[in-house]
Amino acid sequence: MGEFRFLLNGKVVTVKAPPCYTLLEVLRYVLRMTGTKEGCARGDCGECTVLLDGEPVHACLTVMTQVEGRSVTTIEGIDPQHPLVRAFVEAGAVQCGHCTPGLIISSYALLSRNPSPTEEEVREAIRGNLCRCTGYSKIVRAVLSAAGV
Amino acid sequence: MEVPLHDVDVLVPKNLTEALRILSERRDIRVLAGGTDLLVQLRSGAVSKSDLIDISRLQELRYIRHSDGYIAIGALTTYSDIAGSDIVRRYAPLLAEAAETVGSVQIMNKGTIGGNVINASPAADSLPPLYVLDAKLKLVSVDGTRAVGISDFYRGYKKLEIRPNELLAEVRLRAMGAGEVGHFFKHGLRQGDAISVVNGAVVLDLDGDKVVNAAIALGAVAPTVVRAPEAERVLKGKRLSEDVMWEASREVLKSISPIDDVRGSAAYRRELSVNYLYMTLWRLAREVGAL
Ligand SMILES: Cc1cc2nc3c(=O)[nH]c(=O)nc-3n(C[C@H](O)[C@H](O)[C@H](O)COP(=O)(O)OP(=O)(O)OC[C@H]3O[C@@H](n4cnc5c(N)ncnc54)[C@H](O)[C@@H]3O)c2cc1C
Ligand code: FES
Ligand code: FES
């Protein structure tokens with residue numbers, strides 16, 4: 001068992017967990033924050049995407065020793081009134097919703113870096129986030145509309 | 001069935017010296033860098049369970065430097081670091097192209113060049129650029145430092161010239177000169193987040209439209225990445241005409257020995273190799289105004 005301290009959505013947290021537990025396991029099973037989803041647990045689907053020091057990574061491929069002392073942002077850390085969240089709702093970019101937290105996080109990171117992306121740049125930024133329902137068009141439109149382009 | 005990893009211990013060395021000491025004392029331990037290969041393999045049971053030494057926080061192994069005609073890249077440098085580096089874009093643009101195609105943004109932010117080299121997949125995307133830019137790998141241990149050329153490092157499918165107590169510290173490449181141009185190419189089964197069915201890299205040293213020197217490497221078509229000396233020979237000393245480029249592209253078949261697997265048949269890979277090499281040469285010829 002290890003003890004890990006990190007910044008989670010702006011607050012310092014300390015958790016006890018086996019050191020090879022993933023950030024995804026800690027979020028869902030230790031902290032009971034189930035906003036971050038598990039699809040594949042092997043880096044393929046992007047559902048578990050969180051920001052680690054501001055950059056999108058897979059929580060399912062990040063172990064706790066890699067989180068110690070760093071800053072993590074999950075979907076719970078994004079304001080529900082954020083323009084990106086509203087754009088997803090308004091564009092109908094959410095169907096079953098399983099992919100949505102990961103997609104919001106990936107697009108949030110894109111817009112922080114590049115506030116007015118092209119469609120191509122949006123598609124590149126979310127290429128690691130699979131959605132089996134929407135066909136992506138509405139997701140891309142939502143991100144572009146949140147960016148005001 | 002997923003292998004549970006709750007009983008796996010993860011040691012976190014404070015610096016390189018401590019990491020090397022741990023590696024010399026514990027032979028039953030695996031190195032964890034980004035974890036994008038290793039964690040998947042541990043959980044699926046593809047590799048046996050062992051304790052880990054997490055080197056991912058050793059900032060001293062994360063850098064990109066340029067000096068004396070070389071680019072030195074620390075083993076823990078990520079694909080995002082590489083793709084965003086002005087040094088790489090200027091002196092090894094084809095490595096930046098390769099880095100941009102790796103997996104997804106999430107994988108680019110975490111996967112390291114050292115992990116790609118040591119994981120030793122024949123389809124690894126950083127490797128063809130390393131082969132055409134004559135990479136040397138710097139291996140360190142408590143016993144000292146040694147450098148191994150990339151083609152001597154891979155002795156067969158996942159057979160590496162590295163000792164159990166050694167860590168890969170740095171990848172050193174030749175910086176491309178003013179007359180040199182090159183590209184990386186990759187065929188995946190979809191546009192993003194795909195493992196290469198065939199990949200490769202080409203560097204041409206040109207005098208006008210005449211090829212002074214050529215370096216070509218292909219991946220996913222043999223147990224290791226291979227150079228294509230026959231194709232290189234066809235190009236050397238010639239002007240970049242359509243005929244010469246086709247002849248060189250067909251010669252690539254002499255260097256490859258692809259297999260059938262889930263991503264494609266051997267025949268498909270042979271055809272892709274010829275066509276991608278031709279397309280890449282054609283693109284370079286257009287860019288330098290030879291066509
Ligand atoms: C969804 C997904 C998509 C992917 N897409 C691609 C792709 O498009 N192209 C591609 O080439 N790869 C791809 N990969 C594979 C992987 O991301 C890369 O090979 C990556 O570079 C591995 O680096 P890492 O730091 O994560 O390595 P790790 O998983 O940490 O380690 C990999 C291996 O190298 C060893 N190791 C790592 N660093 C060192 C070191 N410095 N010294 C000694 N040993 C070391 C480890 O012990 C382990 O055996 C993908 C993986 C996933 C999960
Ligand atoms: S659960 Fe992490 S990528 Fe699928
Ligand atoms: S909305 Fe169902 S997977 Fe995207």
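Letters A, B, ... mirror the listed sequences (proteins, then strands); counts begin at 1.
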Just to be sure I understand the criterion: a residue of residues 2-15 of chain B counts if one of its heavy atoms is under 4.5 Å from a heavy atom of chain A. Which ones qualify?
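Contacts with chain A: E2(B), L5(B), H6(B), V8(B), D9(B), V10(B), V12(B).
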Tell me, yes or no, whether the heavy-atom count around F88(A) atom CZ, taken from other residues, nucleotides or ligands under 6.0 Å, exceeds 12.
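Correct, the count exceeds 12.
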So what's closer than 4.5 Å to chain A heavy atoms on A33(B): side chain, backbone, both or neither?
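Looking at A33(B), just its backbone touches chain A.
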At a 4.5 Å cut-off on heavy atoms, which part of T78(B) comes close to chain A: side chain, backbone, both, or neither?
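For T78(B), no heavy atom lies under 4.5 Å from chain A.
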For S104(B) and H58(A): C-alpha separation, side-chain torsions, deciding distance, then whether side-chain contact (heavy atoms from CB on, under 4.5 Å) applies.
CA-CA 10 Å; S104(B) 53; H58(A) 295 119; 3.9 Å; yes
Stepwise side-chain contact (heavy atoms from CB on, under 4.5 Å) test for Q106(B) and N129(A):
CA-CA 9 Å; Q106(B) 294 91 321; N129(A) 292 80; 3.2 Å; yes
In terms of heavy-atom proximity below 4.5 Å to chain B, should [X] be classed as side chain, backbone, both, or neither?
| X | result |
| --- | --- |
| S106(A) | side chain |
| A41(A) | both |
| L130(A) | side chain |

[X] [atom1] to [Y] [atom2] distance, which is reported to the nearest 0.5 Å:
| X | Y | atom1 | atom2 | answer |
| --- | --- | --- | --- | --- |
| R127(A) | R190(B) | CZ | CZ | 10.0 Å |
| K110(B) | Q66(A) | NZ | CD | 3.5 Å |
| C60(A) | R43(B) | SG | CZ | 6.0 Å |

Count the heavy-atom pairs under 4.5 Å between each of T36(B), L42(B), D193(B), D51(B) and chain A, then report the option with the highest count.
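Between T36(B), L42(B), D193(B), D51(B), the count favours D193(B).
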Locate the shortest heavy-atom distance separating L61(A) from I107(B); write the atom from each residue and the value.
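The answer is CD1-CD1, 4.3 Å.
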Restricting to non-hydrogen atoms, name the atom on V105(B) and the atom on E124(A) that form the minimum distance, rounded to 0.1 Å.
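For V105(B) versus E124(A), the nearest heavy atoms are CG2-O, 3.8 Å.
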R42(A) side chain to S44(B) main-chain N or O, any donor-acceptor pair under 3.5 Å?
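Judged by distance alone, no pair lies under 3.5 Å.
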Can you tell me which residue among L38(B), L32(B), L52(B) is in a side chain to side chain contact (heavy atoms under 4.5 Å, CB included) with V63(A)?
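Single pass found, and it is L32(B).
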